[in-house]
There are 4 protein chains.
Amino acid sequence: MQSNPSSPERDTKSVIFQTAFKLFATHGYQETSISMIAKNAGISKGLMYHYYRNKEDLLLEVLKTVSLDQIKPANWDNQAPPKENLKRLIDLFLDYIQHQTYIKRFSLFLHLQGQHASEVLKLLDANISLWEKAFEELFLQLQFKDAQGEAIYLLTMLDGLALRHISKHSYGIAPMRKKLFSKYGLV
Amino acid sequence: MQSNPSSPERDTKSVIFQTAFKLFATHGYQETSISMIAKNAGISKGLMYHYYRNKEDLLLEVLKTVSLDQIKPANWDNQAPPKENLKRLIDLFLDYIQHQTYIKRFSLFLHLQGQHASEVLKLLDANISLWEKAFEELFLQLQFKDAQGEAIYLLTMLDGLALRHISKHSYGIAPMRKKLFSKYGLV
Amino acid sequence: MQSNPSSPERDTKSVIFQTAFKLFATHGYQETSISMIAKNAGISKGLMYHYYRNKEDLLLEVLKTVSLDQIKPANWDNQAPPKENLKRLIDLFLDYIQHQTYIKRFSLFLHLQGQHASEVLKLLDANISLWEKAFEELFLQLQFKDAQGEAIYLLTMLDGLALRHISKHSYGIAPMRKKLFSKYGLV
Amino acid sequence: MQSNPSSPERDTKSVIFQTAFKLFATHGYQETSISMIAKNAGISKGLMYHYYRNKEDLLLEVLKTVSLDQIKPANWDNQAPPKENLKRLIDLFLDYIQHQTYIKRFSLFLHLQGQHASEVLKLLDANISLWEKAFEELFLQLQFKDAQGEAIYLLTMLDGLALRHISKHSYGIAPMRKKLFSKYGLV
DNA sequence: GATGAATGAGAATTCATTCAT
DNA sequence: GATGAATGAATTCTCATTCAT
């Protein structure tokens with residue numbers, strides 16, 4: 001009665017979670033039925049209700065994770081020159097867009113709808129602030145007159161890039177990366 | 001007997017349309033039920049089907065309007081200097097974002113979902129191309145080496161701005177307008 | 001206020017009737033909507049309700065006519081030899097099957113469903129009796145031992161033929177006509 | 001714990017099926033609503049969709065059974081004299097009409113409508129061919145000049161008989177059986 | 001824990017019918 | 001007579017949720 005060595009609970013719950021996450025992100029919340037989740041997770045419909053109170057609850061869990069899994073301006077090296085750090089952050093963001101497309105898509109969705117659990121939106125907003133702060137500090141170090149303005153400018157650019165990448169209108173991320181690097185004199 | 005407070009057809013259809021438009025744009029298509037539309041429009045459920053073949057048709061109609069109401073790079077004056085034209089287009093776009101938030105939100109929705117009515121997406125894409133072409137030509141006239149790249153860069157920026165404005169993360173459009181103007185040496 | 005020389009009422013009502021008749025017979029009652037009738041008759045939906053209380057009422061009218069329009073064993077010539085009359089009746093029936101296919105189909109439908117207005121069924125049944133009587137008398141004149149039995153036998157055959165013709169399994173009516181004629185030594 | 005009064009799945013599905021079958025056969029497909037089926041089967045409306053994809057699917061299932069349950073010209077004994085076999089087939093058909101009235105009524109319905117599920121109609125037609133072939137062979141063995149014509153003649157007769165039996169206009173099947181037997185000199 | 005049969009509320013849609021004009 | 005906008009009940013179907021096993 002303890003809990004199997006193979007920790008089935010953790011496993012099953014996690015499988016449900018991951019499945020739901022992927023489906024929510026690719027099809028949307030409404031368009032994802034419990035049946036779909038169950039089928040994709042390889043469990044019965046009823047079992048979901050052992051781990052989550054209901055569909056909404058499962059969504060909340062996913063949203064919380066999404067907001068926590070946003071890339072944070074990490075990889076930061078206080079010893080490195082600011083240009084090096086700026087380059088790292090931009091790379092981090094662009095790689096994130098490229099490889100976590102559906103997480104990013106999900107968070108854009110959330111912002112567009114706006115209606116969802118404000119606590120989730122708060123987490124997302126907090127993360128955005130984090131990036132603004134990070135860029136602002138770097139631009140300060142780089143002697144920009146309007147460091148905050150430049151930070152927002154850069155983030156706006158990155159958001160536009162994310163949007164275009166997700167909706168396939170990018171002419172590719174690589175050229176834009178180059179453009180940004182050259183704008184800020186990186187590498 | 002002049003003009004009834006509730007003159008028929010034109011009015012009712014338009015009420016349905018406007019209601020649906022607003023609801024689609026704020027809640028999304030799937031999340032908006034016919035009941036919601038009917039209730040908000042103050043009509044019976046069945047009446048919608050007098051004016052539109054089905055929900056999809058209503059969506060299409062809305063989408064068509066959305067795509068037609070996209071700002072096109074007009075206000076173009078071949079006699080005017082390219083900088084003047086560039087300024088006009090940027091102004092046009094920014095004003096659009098500010099005043100047609102619903103429409104812009106809707107088209108962002110569509111791009112994020114991607115799945116819907118490919119014909120509409122085509123229209124939207126065509127419009128995007130229009131803007132790219134317009135900016136590209138201006139940048140050519142302005143002697144930019146990579147006119148096309150610059151056009152895309154600018155549009156990406158504007159998209160990011162739109163996204164942030166819609167999701168309330170903008171620090172306002174005005175400062176960004178100034179920034180863009182100064183970047184391109186306008187006014 | 002009298003009634004126009006072009007007797008519009010009679011006309012319109014008759015158009016509605018004929019349209020409904022054809023549609024009921026080809027698509028079935030449930031499958032025929034008031035809208036269809038109106039469109040095909042070239043009138044508005046509302047107008048139908050001036051001439052008929054409701055859809056059911058229109059059906060009843062059609063059914064009554066159908067039952068009255070059943071071919072009756074007419075073309076009967078008391079002077080002619082019984083074989084001649086037998087031939088005429090068989091021809092009458094077969095021609096009817098061939099040319100009034102959808103009336104016949106309609107009456108078969110009614111018999112299969114059985115549930116409809118018993119008064120209509122009574123009319124149909126009465127007509128069947130008429131045929132039985134007619135054939136029976138002819139077979140009596142032709143000295144058949146079991147004239148009634150033979151009459152029913154022949155009618156059963158004709159019904160089978162009608163059924164097959166309507167459902168396309170006939171190998172054609174012509175050969176069967178020959179067969180029946182030869183069976184009874186006609187022509 | 002032996003066999004519950006309401007053992008699940010198999011039972012429920014079968015109850016739905018039987019209910020639908022009976023209702024389809026007596027009222028017709030369109031005239032039978034899911035609500036009717038559910039009410040008559042004593043289940044919720046939704047449950048039907050657990051076992052059948054939709055109403056059409058349920059119909060198909062019923063039709064499949066109908067077409068499979070059509071009497072096939074079996075009971076055939078190659079050793080027996082052809083007259084014996086002919087007698088058996090006629091008996092088989094007549095017994096079928098008498099005892100599987102629902103099924104026969106249903107297949108008549110289908111033929112009259114014609115529109116439905118062409119695959120089912122094909123099955124029914126194939127079965128009809130089977131009978132034609134069987135009778136034809138017997139008539140060949142019995143030295144009929146036009147064996148095929150005679151086969152169709154007999155089947156037409158049997159179809160008429162079925163029709164009349166179902167719509168209650170038969171004067172009973174027994175006398176007709178005698179008549180057919182005597183026509184072919186059986187027993 | 002796990003299953004899936006069963007339910008019922010709600011969604012989209014159709015359609016006979018009414019009624020103001 | 002004639003129109004067609006408007007209604008509301010009914011229909012098919014979906015799906016989150018419950019519950020007996």
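This is a predicted model, so every value here is computed, not measured. Residue numbers begin at 1 in each chain, while the letters A, B, ... track the order of the sequences.
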Asks: Starting at NE2 of A:His27, measure out to CE of A:Met36 and round the result to the nearest 0.5 Å.
Replies: 4.5 Å
Asks: How does DNA chain F look in dot-bracket form if you count Watson-Crick and G-U pairs under 3.5 Å, write [ ] for pairs that cross, and put | where a base pairs with another strand?
Replies: .||||||||||||||||||||
Asks: Could you give the OH-to-C1' distance, from B:Tyr51 to E:dT13, as a whole number of Å?
Replies: 18 Å
Asks: Contact list please: residues 33-43 of chain A against DNA chain E, heavy atoms, distance less than 4.0 Å, in numerical order.
Replies: A:Ile43
Asks: Could you check how far CG of A:Leu47 sits from P of F:dA16, rounded to whole Å?
Replies: 16 Å
Asks: Is there a side chain to side chain contact (heavy atoms under 4.5 Å, CB included) between D:Leu60 and D:Leu63? Walk through the geometry before answering.
Replies: CA-CA 5 Å; D:Leu60 275 239; D:Leu63 292 184; 4.3 Å; yes
Asks: Tell me the interatomic distance from D:Asp57, atom CG, to F:dT12, atom P, rounded to whole angstroms.
Replies: 15 Å
Asks: Please report the distance, rounded to the nearest Å, between CG in C:Asp11 and C1' in F:dG1.
Replies: 14 Å
Asks: Choose from E:dT17, F:dA2, E:dT7 the nucleotide whose nearest atom is closest to any side-chain atom of C:Asn54.
Replies: E:dT17
Asks: Could you work out, with side chain to side chain contact (heavy atoms under 4.5 Å, CB included) as the rule, every residue matching B:Tyr52, not counting sequence neighbours?
Replies: B:Lys13, B:Ile16, B:Phe17, B:Met48, B:Asp57, B:Leu58, B:Glu61
Asks: Could you state the atom-to-atom distance from CG of D:Leu58 to P of F:dC13 in whole Å?
Replies: 10 Å
Asks: With P as the reference atom in both, quote the distance from E:dG1 to F:dT21 in angstrom, rounded to an integer.
Replies: 22 Å
Asks: A:Asn40: which residues meet the side-chain hydrogen bond (donor to acceptor under 3.5 Å, both in side chains) condition with it, sequence neighbours left out?
Replies: none
Asks: Under the rule for side chain to side chain contact (heavy atoms under 4.5 Å, CB included), what residues qualify as partners of B:Lys45, not counting sequence neighbours?
Replies: B:Ile34, B:Ser35, B:Ala38
Asks: Please find the pair of heavy atoms, one from B:Thr32 and one from B:Leu23, that lie closest to each other, and give the distance.
Replies: OG1-O, 3.3 Å
Asks: Quick one: A:Leu23 CG to F:dC15 P, roughly how many Å, whole number?
Replies: 13 Å
Asks: For nucleotides 18-20 of chain F, give me every protein contact, N/O to N/O, under 3.5 Å, one pair per line with atom names.
Replies:
none

Asks: Here's one to test your reading of the geometry: is the NZ or CZ of B:Lys55 within 45 degrees of the ring axis of B:Tyr29 and under 6.0 Å from its centre?
Replies: yes
Asks: Which sits closer to the 5' end of DNA chain F, C:His50 or A:Lys55, going by the nucleotide each is nearest to?
Replies: C:His50
Asks: Under 4.0 Å between a side-chain N/O of D:Tyr52 and OP1 or OP2 of F:dC13, yes or no?
Replies: no
Asks: If you round to the nearest 0.5 Å, how far is CZ of B:Phe21 from OH of B:Tyr102?
Replies: 8.5 Å
Asks: Please report the distance, rounded to the nearest Å, between NZ in A:Lys13 and C1' in E:dA2.
Replies: 16 Å
Asks: Whole-Å distance between F:dT11 C1' and D:Glu56 CD?
Replies: 15 Å
Asks: If you pin D:Thr32 and A:Gln30 to their nearest nucleotides in DNA chain F, which one's is more 5'?
Replies: D:Thr32
Asks: Looking only at non-hydrogen atoms, find the nearest pair between C:Leu108 and C:Ile166 and report the distance.
Replies: CD1-CD1, 3.6 Å
Asks: With the side chain counted from C-beta on, respond yes when A:Val15 and A:Ile43 share a heavy-atom pair under 4.5 Å apart, and no when they do not.
Replies: no
